[in-house]
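Just so we're on the same page: letters track the sequence lines, and every chain starts at 1. This is a predicted model, so every value here is computed, not measured.
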Amino acid sequence: MPPAGWTPWRRLDLACGLSSGALAEQMDGGQAFRWSQQSPGEWTGVFGRHVARVRSAGEKVEWSGLSGDSAAESALLIYLDVAGEQARLAEALPWRSDAVLRAAMSAHPGLRILRQDPSDALLGFLCSSNKRISQIRVMVASLARELGPPVGAGHHALPGWGELARADDRTLRACALGYRADYVRGTARLLARRPDWAAEWSRLETPALLERLRSLPGVGPKVAACVALFGFGRLECFPVDTWIVQALSAAYGLKGWNAVRLEEFGRVHFGAAAGLAQQHLFAAARAGLLPGLPVRKARAPRPKSRG
DNA sequence: ATGGACCCTTGAT
DNA sequence: ATCAAGGGTCCA
């Protein structure tokens, strides 16, 4: 590996524009947990085995990689859906008749679902339960630093399932995983013995894929939906998290609905690109842009006190 | 189908 | 110091 410097900035030929706010949401909004903002509008991170810097330039995006990594560009084109396949899918969303969705989509024009490596997505969301995005980033960064292979410029890729299966509990706990260490180790032990799991599972229909994912320890309905969406490109998946519960409850009047019902609502109402709609609603909800949602400043008041 | 525990970190009293 | 809550999952 040559002593890697950064290549000059190059502009991506985006088929569909990507606003700076949408890019920020993509890199920082909880789809992936491996990017960090260096300066306003500029991120550095690792995707798969590649290191890249990306920055917003009007409606376009510019990027720079490591000079030794000739495969980075083609990988990045896929990762960011530069061809604009998702923009065409978005046309099928019911934004013409759904004012809430229309408002959410106009808040982050061009927002994409990052097309991540399946293992990267799975590991990230195994760490996600009961955690905030900023904390999840710290966890996966620690895992990469402690157990992952170096990929240049001081960065590490995420460890494979074999490395994770062999890691002792102390190491995992030192990465601030807490009880999620059992999830990661349990899943790693299952997947380490089937290296082709992602290729095999990618041939499954989405319901069967979700079922397989849910058979892994630490993977419930929400994490399975996120891995299918972000790791396997199943745009029809509709992860129901606390933000979406709030958003649908307030903006669509679905008060008191449980996650199962809300997931079905999302799938039926939004259709083939439900996951894209979910990201728009999620982003708008977090930004305090959805009707009926409190502006996110103070945290929610505590329901009751116990003595 | 609903409720509580779960490990640990962070931000607010 | 103490307390609540955090892109949930698992087990009663």
Minimum-distance pair of heavy atoms, taken over all atoms of A/W95 and A/M105: CB-SD, 4.0 Å
N/O (side chain, A/N130) to phosphate O (OP1/OP2, C/dA5) under 4.0 Å: no
A/T242 vs C/dG8: side-chain N/O to OP1/OP2 distance below 4.0 Å: yes
Donor-acceptor contact present, side-chain A/S106 to main-chain A/A103, <3.5 Å: yes
Base-pairing mate for B/dC7 - Watson-Crick or G-U, with both contacts under 3.5 Å: none
Euclidean distance, atom [atom1] of residue [X] to atom [atom2] of [N] [Å, nearest integer]:
X      : N      : atom1 : atom2 : result
A/M139 : C/dG8  : CE    : P     : 11 Å
A/D28  : C/dG7  : CG    : C1'   : 14 Å
A/E25  : C/dG7  : CD    : C1'   : 11 Å
A/K131 : B/dG11 : NZ    : C1'   : 13 Å
A/Y179 : B/dC7  : OH    : P     : 9 Å
A/N258 : C/dT9  : CG    : C1'   : 16 Å
A/I136 : B/dT10 : CD1   : C1'   : 14 Å
A/F125 : C/dG6  : CZ    : P     : 17 Å

Sugar-phosphate only, base, or nothing, as touched by A/R180 at under 4.0 Å among non-hydrogen atoms: base
Per A/R173 side chain, nearest of listed nucleotides C/dG8, C/dG7, B/dC7: B/dC7
Base of C/dG7 and ring of A/F282 stacked, centres under 5.5 Å, planes under 30°: yes
Mutual orientation of the aromatic rings belonging to A/H269 and A/F265 [parallel < 30°, tilted 30-60°, perpendicular > 60°]: parallel
Short side-chain donor-acceptor distance under 3.5 Å, A/E200 and A/S202: no
C1' gap between B/dA1 and C/dG7, integer Å: 23 Å
